[in-house]
Amino acid sequence: MRITHPRDYDGTAGKPGSQFTGDVHPYVTMAQTDGVTINTVDFTPGARTYWHHHEHGQILQVLAGRGLVCANGEVHVLRVGDTVWCPPGERHWHGAAPDSFMVHTAISLGQTVWAEPVGDDEYAQQPIDGEDRADVR
């Protein structure tokens with residue numbers, strides 16, 4: 001068993017800006033252990049990851065604010081309490097909404113393969129907002 005307390009976080013996950021557009025503050029909550037890495041990331045409005053995918057998938061848990069996630073050409077709104085599963089090899093990006101901060105925990109399984117930055121036109125797509133759907137209870 002391994003318990004990591006906030007005072008024991010391993011610091012930033014690389015220099016801010018290396019895999020992000022905008023101001024982002026990533027913290028390594030748990031350094032890679034048995035192929036699993038956990039990061040807590042604070043995104044300022046409009047900030048986002050580059051396109052990327054994960055060897056064995058990724059889980060995102062939104063802790064604060066409002067954000068966006070995109071895969072398969074569809075941008076979706078994220079809110080506090082939302083959990084996202086990105087399957088192995090699925091090319092995606094995630095970040096804050098243009099007018100909101102967002103904090104999420106990212107649980108990455110296996111290696112992360114980073115690609116190019118998300119273009120402003122890609123980021124500006126009209127998002128699908130699950131709160132607007134008629135079938136949401």
Side-chain angles (χ1 to χ4, degrees):
M1 178 185 307
R2 177 178 171 188
I3 299 172
T4 304
H5 300 282
R7 69 180 176 274
D8 300 326
Y9 285 1
D10 289 317
T12 61
K15 64 178 184 180
S18 61
Q19 295 131 351
F20 302 98
T21 297
D23 292 326
V24 177
H25 305 280
Y27 300 93
V28 179
T29 306
M30 184 181 80
Q32 190 171 54
T33 303
D34 295 332
V36 177
T37 302
I38 303 175
N39 294 306
T40 301
V41 185
D42 300 348
F43 293 86
T44 60
R48 61 222 182 238
T49 67
Y50 283 17
W51 284 103
H52 63 285
H53 67 273
H54 303 273
E55 179 182 19
H56 299 296
Q58 183 180 48
I59 300 162
L60 305 172
Q61 295 180 309
V62 181
L63 305 175
R66 192 167 38 82
L68 302 171
V69 64
C70 179
N72 303 316
E74 293 183 345
V75 178
H76 294 265
V77 174
L78 297 174
R79 289 184 171 77
V80 173
D82 287 347
T83 300
V84 178
W85 166 244
C86 300
E90 180 177 71
R91 184 176 147 94
H92 66 281
W93 61 264
H94 37 96
D99 58 350
S100 178
F101 287 82
M102 183 186 69
V103 178
H104 75 32
T105 295
I107 303 165
S108 302
L109 310 173
Q111 295 298 313
T112 301
V113 178
W114 292 99
E116 74 278 2
V118 173
D120 291 340
D121 56 330
E122 295 171 301
Y123 177 77
Q125 289 182 74
Q126 181 64 37
I128 298 167
D129 188 346
E131 292 288 315
D132 294 338
R133 292 182 20 203
D135 63 343
V136 172
R137 294 187 174 94

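Small disclaimer: the values here were computed from a predicted structure and weren't measured.
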Fill in: Listed once per pair and sorted, the salt bridge (charged side-chain N to carboxylate O under 4.0 Å, His left out) pairs that draw on residues 18-36, sequence neighbours left out
none
Discussion item. Which heavy atom of Ala96 sits nearest to which heavy atom of Pro45, and what is that distance?
Written reply: CB-CA, 4.1 Å
Worksheet entry | All side-chain hydrogen bond (donor to acceptor under 3.5 Å, both in side chains) counterparts of Thr83, not counting sequence neighbours | none
Worksheet item: In Å and rounded to the nearest 0.5 Å, what is the CG to NE2 distance from Asn39 to His104?
Response: 8.5 Å
Discussion item. Using side chain to side chain contact (heavy atoms under 4.5 Å, CB included), reason through Val84 and Gln61 one step at a time and then give a plain yes or no.
Written reply: CA-CA 7 Å; Val84 178; Gln61 295 180 309; over 6 Å; no
Item to complete: Could you list all the salt bridge (charged side-chain N to carboxylate O under 4.0 Å, His left out) pairs where at least one residue sits in residues 49-77, not counting sequence neighbours?
Response: Arg66-Asp99
Worksheet item: Does a side-chain heavy-atom distance below 4.5 Å link Val41 with Val24?
Response: yes
Fill in: Results of side chain to side chain contact (heavy atoms under 4.5 Å, CB included) for Val36 - residues two or more places apart only
Met30, Ile38, Ile107, Leu109
Worksheet entry | By side-chain hydrogen bond (donor to acceptor under 3.5 Å, both in side chains) - contacts of Thr37 (at least two apart) | none
Worksheet, complete the sentence: Going by chain and number, the hydrophobic cluster around Trp51 (ILVMFWY, side chain to side chain under 4.5 Å) further includes Leu68, Val75, Val77, Trp93, Val118, Tyr123
Worksheet entry | Under the side chain to side chain contact (heavy atoms under 4.5 Å, CB included) test, residues paired with Val103 that sit two or more places apart | Thr40, Asp42, Leu63, Ala64
Worksheet entry | Ring centres under 6.0 angstrom apart (Phe43, His25) | no
Worksheet item: Listed by chain and number, what are the side chain to side chain contact (heavy atoms under 4.5 Å, CB included) partners of Pro117, not counting sequence neighbours?
Response: Thr21, Tyr50
Practice prompt. For residues Gln111 and His53, determine if any side-chain heavy atom of one lies less than 4.5 Å from a side-chain heavy atom of the other.
Written response: no
Practice prompt. Could you pull out all residues at least two apart from Glu116 that satisfy side-chain hydrogen bond (donor to acceptor under 3.5 Å, both in side chains)?
Written response: Arg91
Practice prompt. List for me each residue that meets side chain to side chain contact (heavy atoms under 4.5 Å, CB included) alongside His92, sequence neighbours excluded, and say none if there are none.
Written response: His52, His54, Gln58, Ala71, Cys86, His94
Practice prompt. Just jot down the side-chain hydrogen bond (donor to acceptor under 3.5 Å, both in side chains) partners of Asp120, sequence neighbours excluded, or say none.
Written response: Arg48
